[in-house]
Amino acid sequence: MHDMVDPAPPVRPRICVVDDDAAVRRASLLALEACGYEVRAHSSPIQALRDPAVGDALCLVTEFLMQGMDGIALVRGLRATGWSRPAILVTAYRADYLAAANGEAIFVDILEKPAIERRLIASVDRATGRA
């Protein structure tokens, strides 16, 4: 007789969302969770950098302009720790981001606010290979 073993629950891909706007952060979290992602949401880049679970994220979704550190510095900080996964920028300041990035390809996608949840989900699906 074979022992019956319950299969392990499916692993939900982990996404990290960093946005200092509580409403945007919550909307992103809820939309991504509804699509089967595990979401770690942070209100600041410094908070995200202190969370060891962020290193396991398959994708990062971040705002550009935030208090204390911008999205570019956040991604560079994660890259310095060896994190090499895709990052998506959500911003109302695309021109300012492009000037600050100096032509460096930091993000796989840039979504302009107000971001439509469907666009966010499609972008994360592409970045994580689910699309």
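Since we're looking at a predicted model, the values are computed, not measured. Reckoned from all heavy atoms, side chains included, excluding hydrogens, waters and symmetry mates.
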Does any N or O in the side chain of Ser123 come within less than 3.5 Å of the main-chain N or O of Leu120, such that one atom is a donor and the other an acceptor? no
Nearest heavy-atom neighbours spanning Gly77 and Leu49: C-CD2, 4.1 Å
For Leu111, is there any backbone N or O sitting under 3.5 Å from a side-chain donor or acceptor partner on Arg119? no
Pairs satisfying salt bridge (charged side-chain N to carboxylate O under 4.0 Å, His left out), at least one member in residues 70-95, at least two apart: Arg76-Glu104, Arg94-Glu112
When you group the ILVMFWY residues by side-chain heavy-atom contacts below 4.5 Å and let the links chain together, are Met69 and Val90 in the same group? no
Hey, could you give me the CG/CG distance between Asp109 and Leu89, rounded to the nearest 0.5 Å? 9.0 Å
Is there a path of hydrophobic side-chain contacts, each under 4.5 Å between heavy atoms, that joins Val18 and Tyr93? yes
Residues Ala101 and Ile72: closest non-hydrogen pair is N-CD1, 3.9 Å
Any idea which heavy atoms bring Asp20 and Leu65 closest together, and the distance? OD2-O, 3.9 Å
Are Leu29 and Ile15 linked, directly or through other ILVMFWY residues, by side chains that come within less than 4.5 angstrom of each other? yes
Pairwise side-chain contact, Asp19 with Lys113, heavy-atom cut-off 4.5 Å (strictly under): yes
For the atom pair CZ (Arg14) and OG1 (Thr128), what is the distance rounded to the nearest 0.5 Å? 14.0 Å
What closest approach, in Å, do Arg130 and Cys35 show between heavy atoms, and which atom pair accounts for it? NH2-O, 3.2 Å
Separation of Asp96 CG from Phe64 CZ (nearest 0.5 Å): 6.0 Å
OG-CZ distance between Ser43 and Arg26, expressed to the nearest 0.5 angstrom: 14.5 Å
Val54 with Trp83, same ILVMFWY side-chain cluster at under 4.5 Å: yes
Cluster question for you: counting only ILVMFWY and a side-chain heavy-atom cut-off of under 4.5 Å, with indirect links fine, are Val17 and Leu78 together? no
To the closest 0.5 Å, what do you measure between OG (Ser44) and CZ (Arg50)? 7.5 Å
Using 0.5 Å steps for rounding, measure from the CG atom of Leu60 to the CZ atom of Arg40. 13.5 Å
Does the distance from a Lys or Arg side-chain N to an Asp or Glu carboxylate O, for Arg25 and Glu63, drop under 4.0 Å? no
Who are the side chain to side chain contact (heavy atoms under 4.5 Å, CB included) partners of Ala127, not counting sequence neighbours? Cys59, Pro86, Ile88, Val108
Walk me through it: do Ile110 and Thr91 pass the test side chain to side chain contact (heavy atoms under 4.5 Å, CB included)? CA-CA 7 Å; Ile110 301 170; Thr91 187; 4.2 Å; yes
